[in-house]
Visitor: 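Handing you a structure now.
Below, read A as the first sequence line, B as the second, and so on, with proteins coming before strands; counting in each chain starts at 1.
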2 protein chains.
Amino acid sequence: MAVARLHRRVRHEGEVAGEELTASSMAALVTIERNGPITLGDLAAVEHVQPPSMTRIVARLEELGYATRVVDPTDRRVARAAITPAGRRFLARGRTRRDAFLTRRVERLSPQDQALLERALPVLERLLEDDA
Amino acid sequence: MAVARLHRRVRHEGEVAGEELTASSMAALVTIERNGPITLGDLAAVEHVQPPSMTRIVARLEELGYATRVVDPTDRRVARAAITPAGRRFLARGRTRRDAFLTRRVERLSPQDQALLERALPVLERLLEDDA
DNA sequence: TATTGTTATACTCTATAACTATA
DNA sequence: TATAGTTATAGAGTATAACAATA
């Protein structure tokens with residue numbers, strides 16, 4: 001429950017009024033940023049949405065200037081989505097806000113508690129390792 | 001990021017194929033469970049949805065047998081939603097699954113790491129205290 | 001003939017506006 | 001006349017089915 005609350009709150013903190021993307025579009029943009037130019041089919045598979053939905057999501061991201069669609073020159077059936085500088089800036093803005101929020105909150109803790117969190121973090125990550 | 005991943009994974013773990021509720025319906029049911037018989041208006045306010053949406057959400061929960069609508073005898077304009085035994089069981093099933101998953105994962109950790117998590121938990125909770 | 005992605009269409013969820021029933 | 005909730009209707013977002021382009 002603590003993890004759920006913290007996640008919701010931090011996610012909310014990254015948002016700016018009038019600048020939100022739907023959860024799907026945001027997730028797709030993050031995946032496009034991380035997995036470089038990626039085919040729409042692969043992107044749909046990774047994000048667990050159907051191809052027609054991904055067509056629309058990428059069209060919207062392109063409309064906003066956050067991503068571009070590039071047709072593969074060797075197989076012109078394939079289209080790849082890539083992030084734009086504006087898309088990177090958009091994601092960075094959210095991260096900056098979330099980081100600032102977390103920094104403020106962590107600074108209110110005692111040095112002992114801060115050290116405790118720092119040691120606990122790798123354990124939290126280990127909790128999901130070898131996912132099967 | 002670790003918190004986000006853990007939250008998503010644990011949430012997913014509580015789901016059973018063919019037994020899912022939308023996020024709104026799930027949140028409403030949890031609030032109905034916690035805040036007892038609650039008027040639809042209050043419920044809509046707490047959940048940040050509009051009254052017509054809450055009418056539909058509660059209608060769906062009632063259809064599934066997870067909640068009931070009870071008209072206030074002293075002011076018959078007012079309807080309150082209450083959880084049913086089936087609703088409680090539904091929520092309990094999800095919690096049981098999430099608990100089982102977390103238990104399995106925590107048991108794979110060393111006793112030292114388990115103790116570390118136990119001490120870090122109240123710090124995570126303190127992070128969101130005095131929310132302003 | 002198979003594959004990648006798109007267009008056509010339908011369904012779900014939510015919102016705003018208009019309405020009903022109580023008070 | 002005001003309030004609680006519902007019904008009517010419209011706008012997102014997603015899915016399945018049918019299609020177009022390319023291999």
Visitor: Compare side-chain N and O positions of B/Arg77 against OP1 and OP2 of C/dA21 and report whether any pair is under 4.0 Å apart.
Guide: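 For C/dA21, OP1/OP2 do not have a side-chain N/O of B/Arg77 under 4.0 Å.
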
Visitor: Please determine whether a side-chain nitrogen or oxygen atom of B/Ser24 lies at a distance below 4.0 Å from atom OP1 or OP2 of C/dT14.
Guide: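 Checking C/dT14 against B/Ser24, a side-chain N or O does come within under 4.0 Å of OP1 or OP2.
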
Visitor: Of the candidate nucleotides C/dA15, C/dG5, D/dT22, which contains the atom at the shortest distance from the side chain of B/Val49?
Guide: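 Given the options C/dA15, C/dG5, D/dT22, the side chain of B/Val49 is closest to C/dA15.
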
Visitor: What integer distance in Å separates B/Glu47:CD from C/dC13:C1'?
Guide: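 Roughly 15 Å, once rounded to whole Å.
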
Visitor: Measure the distance from CE on A/Met26 to C1' on D/dG13 and round it to the nearest whole Å.
Guide: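 Distance check: A/Met26 CE to D/dG13 C1' gives 16 Å.
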
Visitor: In whole angstrom, what separates A/Arg80's CZ from D/dT22's P?
Guide: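 The distance from CZ of A/Arg80 to P of D/dT22 comes to 16 Å, rounded to the nearest Å.
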
Visitor: Considering only side-chain heavy atoms of A/Thr22, which listed nucleotide, D/dG13, C/dT16, C/dT6, is closest?
Guide: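 Closest nucleotide among those given: D/dG13.
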
Visitor: Mind calculating the distance between CD1 (A/Ile57) and C1' (C/dT6) to the nearest angstrom?
Guide: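 Atom CD1 in A/Ile57 sits about 14 Å away from atom C1' in C/dT6.
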
Visitor: Could you grab the distance from atom CE of A/Met54 to atom OG of A/Ser25, nearest 0.5 Å is fine?
Guide: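 Spacing of CE (A/Met54) from OG (A/Ser25) equals 8.5 Å.
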
Visitor: Rounded to whole Å, how long is the line connecting atom CD1 of A/Ile38 with atom P of C/dT4?
Guide: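 The distance from CD1 of A/Ile38 to P of C/dT4 comes to 14 Å, rounded to the nearest Å.
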
Visitor: Could you tell me whether A/Arg60 contacts a base, only the sugar-phosphate backbone, or nothing, with contacts defined as non-hydrogen atoms closer than 4.0 Å?
Guide: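 The residue A/Arg60 makes no contact with any strand.
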
Visitor: With respect to A/Phe90, which candidate in A/Leu61, A/Leu64, A/Leu21 satisfies the side-chain contact (heavy atoms from CB on, under 4.5 Å) definition?
Guide: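 The residue from A/Leu61, A/Leu64, A/Leu21 that satisfies side-chain contact (heavy atoms from CB on, under 4.5 Å) with A/Phe90 turns out to be A/Leu21.
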
Visitor: How close or far is atom C1' of D/dA21 from atom CG of A/Leu40, stated in whole angstroms?
Guide: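 Result: 15 Å.
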
Visitor: Closest-nucleotide mapping onto DNA chain D: is A/Met54 or A/Arg76 further toward the 5' terminus? I mean the 5' end.
Guide: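 Comparing both residues, the 5'-ward one is A/Met54.
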
Visitor: Over how many whole Å does the gap from A/Asp42 atom CG to C/dT4 atom P extend?
Guide: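 In whole Å, C/dT4 P and A/Asp42 CG are 9 Å from each other.
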
Visitor: Please indicate whether A/Glu15 has more than 12 foreign heavy atoms, meaning atoms of other residues, nucleotides or ligands, lying under 6.0 Å from its CD.
Guide: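 It does: A/Glu15 CD has more than 12 such atoms within range.
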
Visitor: With the threshold set at 4.0 Å, does a side-chain nitrogen-carboxylate oxygen contact exist between A/Arg60 and A/Glu63?
Guide: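 Salt bridge between A/Arg60 and A/Glu63, a charged N being under 4.0 Å from a carboxylate O: yes.
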
Visitor: When you measure from the side chain of A/Thr84 to the backbone N and O of A/Gly65, does any donor-acceptor pair fall under 3.5 Å?
Guide: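 It does hold such a pair.
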
Visitor: Any side-chain N or O of B/Arg56 below 4.0 angstrom from OP1/OP2 of D/dT9?
Guide: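 No.
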
Visitor: Assign B/Ser25 to base, sugar-phosphate, or nothing according to its heavy-atom contacts below 4.0 angstrom with the strands shown.
Guide: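 The residue B/Ser25 makes no contact with any strand.
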
Visitor: Which listed nucleotide (C/dG5, D/dA23, D/dT6) is nearest to the side chain of A/Val78?
Guide: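 Of the options given, the side chain of A/Val78 lies nearest C/dG5.
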
Visitor: Under 4.0 Å from OP1 or OP2 of D/dA4: is there any side-chain N or O of B/Arg69 that close?
Guide: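 For D/dA4, OP1/OP2 do not have a side-chain N/O of B/Arg69 under 4.0 Å.
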
Visitor: Of the nucleotides C/dA15, C/dA23, D/dA23, which has the atom closest to the B/Ser53 side chain?
Guide: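 My answer, after comparing the listed nucleotides, is C/dA15.
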
Visitor: Using OP1 and OP2 only, check whether a side-chain N or O of B/Thr55 sits under 4.0 Å from D/dG5.
Guide: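 For D/dG5, OP1/OP2 do not have a side-chain N/O of B/Thr55 under 4.0 Å.
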
Visitor: Among C/dT6, D/dT22, C/dA15, find the nucleotide with the atom closest to the side chain of B/Gln50.
Guide: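 So the side chain of B/Gln50 is nearest to C/dA15.
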
